[in-house]
Amino acid sequence: MDDLIQLAHLVGVGLVLMLPLANPLISMTLLLSLGSNIPYRERQKQITQSAFYVFGIMLVAYFGGTWIMQSFGISIPGLRIAGGLIVGGIGFQMLSPSSHMDDMPEADTVNAQIASKKSTNIAFVPLAMPGTAGPGTIAMIISTTASIPSSITSVYSSWFLHTAALLVFLSLSLLFWVALRFAGRVVAVIGQSGVEAISRIMGFLLVCMGVQFIINGVLEIATEFMATQAV
């Protein structure tokens with residue numbers, strides 16, 4: 001029973017950290033904007049495909065992100081600073097009304113394809129990436145995975161942490177699927193102004209998270225430099 005409580009706690013913390021980044025509202029807006037010319041059954045099929053894509057992208061980032069960092073010689077402080085810039089940039093875009101749609105080149109490309117072809121597949125681009133599993137989400141997963149403190153690994157086994165991560169990714173993918181399935185109803189209830197209000201709140205949280213990422217990265221660099229000078 002205690003293990004289930006601890007697992008639920010880890011999953012809850014993971015969802016709180018990831019949900020502002022893996023923001024389903026962006027993908028909902030993209031779907032309503034770009035999927036209006038797609039037949040209903042085909043659109044539902046693409047929504048399911050996109051949920052699987054989101055889960056797959058997060059899995060690759062979780063299990064292969066550290067190896068990719070090591071292959072390219074990317075340090076954790078460097079990843080934190082880069083991830084902070086990306087997350088903060090996404091947050092600033094979300095603070096501006098409807099700027100995330102206009103500034104997304106992937107959406108422009110798909111929009112042009114839809115104009116010439118009625119049943120364009122938008123499941124991977126832009127719904128899954130960069131709509132939900134975008135650069136900020138990937139950077140967050142890799143950075144968190146590569147810098148899990150020893151205090152956590154000493155308490156929880158690796159399989160326990162992997163299970164929690166898989167449940168977080170599965171929950172986010174499920175939320176993403178539900179949000180897209182009921183995108184029209186959600187917008188009809190809360191209205192476009194409600195969507196923009198929630199988007200701005202999450203954008204502010206992302207800006208705060210991005211700044212904190214940069215601060216942590218700079219502090220790690222300063223700590224390593226001071227340690228080197230002391231030696």
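Note: hydrogens, waters and symmetry copies are ignored here, and every other heavy atom, side chains too, is used. These numbers come from a predicted model, not from an experiment. The first residue in the sequence is number 1, and the count goes up from there.
- Connectivity analysis of hydrophobic side chains (ILVMFWY, heavy atoms under 4.5 Å, direct or indirect) links Ile214 to Ile81, Leu85, Val218, Ile221.
- Taking the side-chain hydrogen bond (donor to acceptor under 3.5 Å, both in side chains) definition, one finds that Ser27 meets it with Thr132, sequence neighbours left out.
- Annotation: side-chain contact (heavy atoms from CB on, under 4.5 Å) contacts of Thr223 (sequence neighbours excluded): none.
- Every pair tested for salt bridge (Lys or Arg N to Asp or Glu O under 4.0 Å) that includes a residue from residues 47-57 fails, sequence neighbours excluded, so the list is empty.
- To the nearest 0.5 Å, atoms CG (Leu166) and OG (Ser171) are separated by 10.5 Å.
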Derivation and outcome, side chain to side chain contact (heavy atoms under 4.5 Å, CB included), residues Leu127 and Gln46: CA-CA 9 Å; Leu127 293 184; Gln46 291 187 22; 5.6 Å; no
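- Cluster membership check: Leu4 does not share its hydrophobic cluster with Trp159, using side-chain heavy-atom separations under 4.5 Å among Ile, Leu, Val, Met, Phe, Trp and Tyr.
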Please report, to 0.1 Å, the donor-acceptor pairs under 3.5 Å made by any side chain of residues 174-182, with sequence neighbours excluded.
from, atom 1, to, atom 2, distance (Å)
Trp177, NE1, Thr48, OG1, 3.3
Arg181, NE, Gln44, OE1, 3.3
Arg181, NH1, Gln44, OE1, 2.8

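- Val16 belongs to no multi-residue hydrophobic cluster, having no ILVMFWY side-chain contact under 4.5 Å with any other such residue.
- Within the structure, every pair that satisfies the side chain to side chain donor-acceptor pair (under 3.5 Å) test and touches residues 205-219, not counting sequence neighbours, is listed here: Gln212-Asn216.
- One finds the CG atom of Leu17 at 11.5 Å from the CD1 atom of Ile141 (value rounded to the nearest 0.5 Å).
- More than 12 heavy atoms of other residues, nucleotides or ligands shown are found within 6.0 angstrom of CZ on Phe160.
- Taking every heavy atom of both residues into account, Ala183 and Leu31 meet most closely at CB-CD2, 4.3 Å.
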Please set out all donor-acceptor pairs under 3.5 angstrom arising from side-chain atoms of residues 49-69, sequence neighbours excluded.
from, atom 1, to, atom 2, distance (Å)
Gln49, OE1, Asn121, ND2, 3.3
Ser50, OG, Ala123, O, 2.8
Ser50, OG, Ala128, N, 3.4
Tyr62, OH, His162, ND1, 2.8

CA sep, side-chain torsions, deciding dist, call: Met129, Ile138, side chain to side chain contact (heavy atoms under 4.5 Å, CB included): CA-CA 10 Å; Met129 178 186 286; Ile138 295 173; 3.7 Å; yes
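- Every pair passing salt bridge (Lys or Arg N to Asp or Glu O under 4.0 Å) that includes a residue from residues 218-229 is listed here, sequence neighbours excluded: Arg80-Glu220.
- Qualifying side-chain hydrogen bond (donor to acceptor under 3.5 Å, both in side chains) partners for Gln6, counting only residues two or more places apart in sequence or in other chains: none.
- For Ile190, the side-chain contact (heavy atoms from CB on, under 4.5 Å) criterion is met by Val186, Val195, Ile198, not counting sequence neighbours.
- Between Pro24 and Leu19, the shortest heavy-atom distance links the atoms CD-CD1, 4.3 Å.
- Of the inter-residue distances, the one linking Leu10 atom CG with Thr163 atom OG1 reads 10.5 Å to the nearest 0.5 angstrom.
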